[in-house]
> 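Dropping the structure in here first, questions after.
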Amino acid sequence: MKRGLFVASAASSALAACSPIGTAVNGGSFHRLLTIAEPLDYGLIGTHGLAQTYAESAISADFPLNSLPTPSDSQYAGFVASRFQSYRLVVDGSVDRPQAFSLDHLQTMVQASEITRHDCVDGWSAIAGWSGVRLSEILAIVRPRSDARYAVFYCMDRDQRSTQYYESLDLRQASHPQTLLALRMNGAPIPIEHGAPVRLRVPTQLGYKSAKWVQRIEVVGTFTKLYGGNGGYWEDQGYEWYAGI
Ligand SMILES: Nc1nc2c(c(=O)[nH]1)N[C@H]1C(S)=C(S)[C@@H](COP(=O)(O)O)O[C@H]1N2
Ligand SMILES: [Mo]
């Protein structure tokens with residue numbers, strides 16, 4: 001599976017950062033199978049397992065930048081100007097207790113740290129230390145309702161057509177102990193270009209799941225009515241929704 005993804009992406013990497021991967025390997029039938037069979041035991045392909053962790057000495061000196069442009073709208077500029085004091089992470093949707101978390105609030109919660117590898121489908125990997133709040137902690141606070149199946153992450157960046165970057169995880173992936181809402185990278189607040197003030201880190205899945213500049217998490221029963229209906233910005237352009245490593 002992993003080899004297939006990287007071979008396919010190498011063939012199409014001329015298009016753009018994280019250009020759609022080849023349909024020969026990643027056709028619709030596999031996605032459909034996963035969609036129908038859920039909840040499915042992902043154990044074989046990673047979700048229940050732990051992503052490899054590394055020593056500090058393995059941290060990459062240069063962590064590439066690879067995304068849509070850093071948000072440049074007035075709202076984001078305002079967040080930056082306030083040193084993110086005016087930022088709120090909204091968590092809502094099919095939950096009993098929707099909430100808006102300030103950065104201060106997130107920083108006072110229990111922080112988890114991990115040194116893990118980020119694998120981009122374009123064929124590069126980089127290792128960094130990340131710390132922040134486990135997404136499972138946030139979910140425990142907002143309490144997903146019985147129909148809830150996915151967490152959808154809405155980001156603050158837009159592409160040239162003003163389409164918003166978004167991603168989704170099922171609640172099992174979202175509750176994985178290594179799935180973090182990262183606030184810090186390599187011991188410092190996440191740099192603006194890498195997704196400040198809050199970015200998702202999902203070391204068990206390919207890089208496009210690790211959404212930068214997250215502003216809202218919506219808990220939903222289905223994502224088929226959102227945007228292109230495939231659960232993510234790149235998924236809407238042909239990537240597999242399930243991106244386990
Ligand atoms: N909001 C947002 N998150 C994103 C992306 C993006 O374009 N926008 N690109 C994804 C992809 S494909 C990769 S490889 C990583 C790159 O993260 P980095 O720029 O910190 O290396 O961010 C992921 N998260
Ligand atoms: Mo990527």
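We count ligands from 1, going down the list as the structure has it; atoms in each ligand are counted the same way. Since this is a predicted model, take the numbers as computed values, not measurements.
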> Using a strict 4.0 Å cut-off to heavy atoms of Cys120, name the atoms of ligand 1 that fall inside it.
14 (S)

> When the ring centroid of Tyr233 is compared with that of Tyr166, is the distance short of 6.0 Å?
no

> If you count the atoms of ligand 1 from 1 in the order shown, which ones are under 4.0 Å from a heavy atom of Leu65?
19 (O), 21 (O)

> Which ligand 1 atoms are under 4.0 Å away from a heavy-atom of Cys155?
1 (N)

> Should you measure from each heavy atom of Tyr208, which atoms of ligand 1 turn up under 4.0 Å away?
10 (C), 11 (C), 12 (S)

> Is there a heavy atom of Arg199 sitting under 4.0 angstrom from any atom of ligand 1?
yes

> Using a 3.5 Å distance criterion without hydrogens, assess whether the side chain of Glu167 forms a donor-acceptor pair with backbone atoms of Ser210.
no

> Parallel, tilted or perpendicular for His118 and Trp124, by the 30°/60° rule?
parallel

> In plain terms, say whether Glu114 and Arg134 are close enough for a salt bridge, that is, a side-chain N and a carboxylate O under 4.0 Å apart.
no

> Please classify the Tyr233 to ligand 1 contact at 4.0 Å (heavy-atom distances, strictly less than): side chain, backbone, both or neither.
neither

> Which one of Leu68, Asp122, Asp157 has a non-hydrogen atom at the shortest distance from atom 8 (N) of ligand 1?
Asp157

> Are the side chain of Gln178 and the backbone of Ala51 linked by a donor-acceptor contact shorter than 3.5 Å?
yes

> Which of the atoms of ligand 1 are close to Pro64, meaning less than 4.0 Å from one of its heavy atoms?
18 (P), 19 (O), 21 (O)

> Run the numbers for me: atoms of ligand 1, each under 4.0 Å from some heavy atom of Trp213, listed by number.
1 (N)

> Less than 4.0 Å is my threshold; does some heavy atom of Ser210 fall inside it relative to ligand 1?
yes

> Pairing donors with acceptors under 3.5 angstrom, does anything connect the side chains of Thr163 and Arg158?
no

> Which of the atoms in ligand 1, numbered in the order shown and given with their element, are less than 4.0 Å from a heavy-atom of Trp124?
14 (S), 21 (O)

> Among Tyr166, Phe153, Tyr165, which one has a heavy atom closest to atom 6 (C) of ligand 1?
Tyr165

> So is His118 close enough to ligand 1, meaning a heavy atom under 4.0 angstrom away?
yes

> Give the atom numbers and elements of ligand 1 that come within less than 4.0 Å of a heavy atom of Ala211.
3 (N), 24 (N)

> So, Ser125 side chain and Asp119 main chain: donor-acceptor pair closer than 3.5 Å or not?
no

> Taking atom types as modelled, is there a side-chain donor on Gln173 or Tyr242 under 3.5 Å from an acceptor on the other?
no

> Assess the pair Phe223 and Trp241: is the distance between their ring centroids shorter than 6.0 Å?
yes

> Under 3.5 Å between some N or O of ligand 1 and some N or O of Trp234?
no

> For the pair Arg145 and Asp96, find out whether any cationic side-chain nitrogen is under 4.0 Å from an anionic carboxylate oxygen.
yes

> Please check whether Ser67 reaches ligand 1 - meaning an N/O of the residue sits under 3.5 Å from an N/O of the ligand, judged on distance alone.
no

